[in-house]
**Q** 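I'd like to ask you about the structure that follows.
Here is how names work: the chains are called A, B, and so on, in the same order as the sequence lines, proteins then strands, and each is numbered from 1. It should be emphasised that the depicted structure is a prediction, and the values quoted were computed from it without experimental measurement.
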Number of protein chains: 2
Amino acid sequence: MNAPLRVSPGPAPPGLLTVMKGQCGDCNTGGLCLSTGLDSGSKMRFDRLVGQHRRIAAGDTLYRTGQPLRSLYALRCGFFKIRRPGPAGDQITGFPMAGELLGLEAVGTGIHQSDAIALEDSIVCELPFAALERLFEDIPGLHRRFYRLMSCEINREQHLMLLLGHMRAEQRMATFLADMGAAYAARGYSPAQFQLRMSREDIGSYLGLTIESISRLLGRFTKLGLITVDKRAVVLTDPQRIAEMASGFSPCSPMV
Amino acid sequence: MNAPLRVSPGPAPPGLLTVMKGQCGDCNTGGLCLSTGLDSGSKMRFDRLVGQHRRIAAGDTLYRTGQPLRSLYALRCGFFKIRRPGPAGDQITGFPMAGELLGLEAVGTGIHQSDAIALEDSIVCELPFAALERLFEDIPGLHRRFYRLMSCEINREQHLMLLLGHMRAEQRMATFLADMGAAYAARGYSPAQFQLRMSREDIGSYLGLTIESISRLLGRFTKLGLITVDKRAVVLTDPQRIAEMASGFSPCSPMV
DNA sequence: CGTGCGCTTGATAGAAATCAATGTCAGTGG
DNA sequence: CCACTGACATTGATTTCTATCAAGCGCACG
């Protein structure tokens, strides 16, 4: 990771995202994809599996709760939110970014258990699940990589359970900001300066707080000199103290 | 499921649990185990994999946060709690029962991310992970079964995230009671009459509430005629209204 | 220029936490 | 046999945090 840190861009100007028809070799998701670590022969076969690169416009839905699982989706570039309907209102369970794999919650039942909604114009690699399962038999490292990714997802969610179950609002927000920074950092962007792609309402649902609380917390953090906020552009001016408030976060990346 | 419903037993008298040396064929976990659905030949090989049946006394720890993953554990009989340490106090992330697979959170990193503590004298089948991974290559259905289980675990946790993020205390408790009933029902016990194996404190940590709130909620539910409680023995006298309060729970069991 | 959406800010209410005291019971040892 | 202890649980009084209610702002868009 020696490239200079970039600030994560704002919303893409419409029309910029012409179809990228490259293969996995061109992929810039930087070691986060399912295919990472495969030898070149296996990678070619994995390439052939990828049905197509689908372009999803901001606001569009990739899959919905109740739909049968056809494909998993590797997020090539863009930004999603995952929404799970529940008896007490919907919950946002995650904000996947480039390189992440979408749809794992459907593998157990064959039915999607949540909605995936693009927060900006995005491109996904479609991985037909039946074909992927067949490929597991042939490519030795792939299925290992697959269930390790799932285990990491389990950890991500347990991290969130901790947040929702045992943190107060302030600590939740600090954790959220720190996590976002870490996610950007993992992709070569600045960990301290980024665009929020989601609305305050989405953040609220994600953190188990109301939109008003989110607003107040951002205001309070600003007054404390921890951050500056301008609409959805955030700068962590004191990342260390934010990390201290969040205190104890450790990301989970799979062994390759 | 035609056997008459039994009431889940209280704590086992000490000394009752002599070592059960049977193979998977004798196992009474009823289709919840990893080996379910294998043909008899594969089952035999799976049998050989099972290193030993370890007896874990109530209060003892099966694995701890930070330890390297050596084995997964299929819970043959007994009851555990899973505790995840966090910056804002520990969180109980689950109460696995007979038939469930313990240790999946460690698969991604190779390091355990939580503690598994027996709530009563239990017996686990030890599945050395390296050997299990080798077996995946040979037994076609096993690997599929494995990652479907993991996907179900993801769903279980998202269900909990919903609970912690968007439900009020009363609804959380109703959901907990309904879920416990369902878990017993899936094992052939009465869904409306069971022993809680965990302390109020454990329930509180699990539901993101204090021990006092748990106590008050149980009291309130009793006054409302929904349940009767005597120490840790619970009877759901109005399971339907409890289900309505929880409203919308659907368990996730893998396609075999 | 209005209209609507996303966001902020203030006042108030309410749910659960916290603080504090008491109760119950199993186990222990005098 | 009974008093003592400690873990676990219940109950009440009070505080605190966050939700809720309400109003207004700013900006994009038709």
**Q** Please check: side-chain N/O of B:Q113 versus main-chain N/O of B:I111, any donor-acceptor pairing under 3.5 Å?
**A**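 Judged by distance alone, yes, a pair lies under 3.5 Å.
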**Q** Classify B:R232 by what it touches in the nucleic acid, base, sugar-phosphate, or nothing, heavy-atom distance under 4.0 Å.
**A**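 Result for B:R232 = sugar-phosphate.
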**Q** Residues from residues 212-229 of chain B sitting under 4.0 Å of DNA chain D, heavy atoms only?
**A**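 B:E212, B:S215, B:R216 - these, ordered by number, are the residues of the stretch whose heavy atoms sit under 4.0 Å from the strand.
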**Q** Taking the six-membered ring for Trp and the full ring for Phe, Tyr or His, determine whether the centres of A:Y189 and A:F194 are under 6.0 Å apart.
**A**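 Centroid separation for A:Y189 and A:F194: 6.0 Å or greater.
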**Q** What contact category does B:G204 fall into here, base, sugar-phosphate, or nothing, at under 4.0 angstrom with non-hydrogen atoms?
**A**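 Result for B:G204 = nothing.
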**Q** Considering only NZ, NE, NH1 and NH2 on the basic side and carboxylate oxygens on the acidic side, decide whether B:R187 and B:E100 come within less than 4.0 Å.
**A**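 Salt bridge between B:R187 and B:E100, a charged N being under 4.0 Å from a carboxylate O: yes.
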**Q** Please state how far atom CZ in B:R197 lies from atom P in D:dC8, giving the value in whole angstrom units.
**A**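 Those two atoms, CZ and P, are 17 Å apart.
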**Q** Check whether B:D121 reaches the backbone of B:A57 with its side chain - one donor and one acceptor, N or O, closer than 3.5 Å.
**A**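 Such a contact is absent between B:D121 side chain and B:A57 backbone.
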**Q** Check every strand shown and say whether A:T210 touches a base, only sugar-phosphate, or nothing at a heavy-atom separation below 4.0 Å.
**A**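 Base: the residue A:T210, judged by heavy atoms under 4.0 Å, touches a nucleobase.
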**Q** Starting at CD of A:Q171 and ending at C1' of D:dC17, how long is that distance when rounded to a whole Å?
**A**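 Interatomic distance, CD of A:Q171 to C1' of D:dC17: 14 Å.
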**Q** Can you work out whether A:K231 or A:E170 has the more 5'-proximal nearest nucleotide on DNA chain D?
**A**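 That would be A:E170.
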**Q** I'd like the 5' and 3' limits of the part of DNA chain C contacted by chain B, with heavy-atom contacts below 4.0 Å.
**A**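 Result: C:dA15 to C:dC25.
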**Q** Please report, rounded to the nearest Å, how far the P atom of D:dA9 is from the CG atom of B:D202.
**A**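 Answer to the nearest Å: 9 Å.
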**Q** Which distance, rounded to the nearest 0.5 Å, do you find between the CG of A:L196 and the CD1 of A:I203?
**A**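 CD1 of A:I203 is found 5.0 Å from CG of A:L196.
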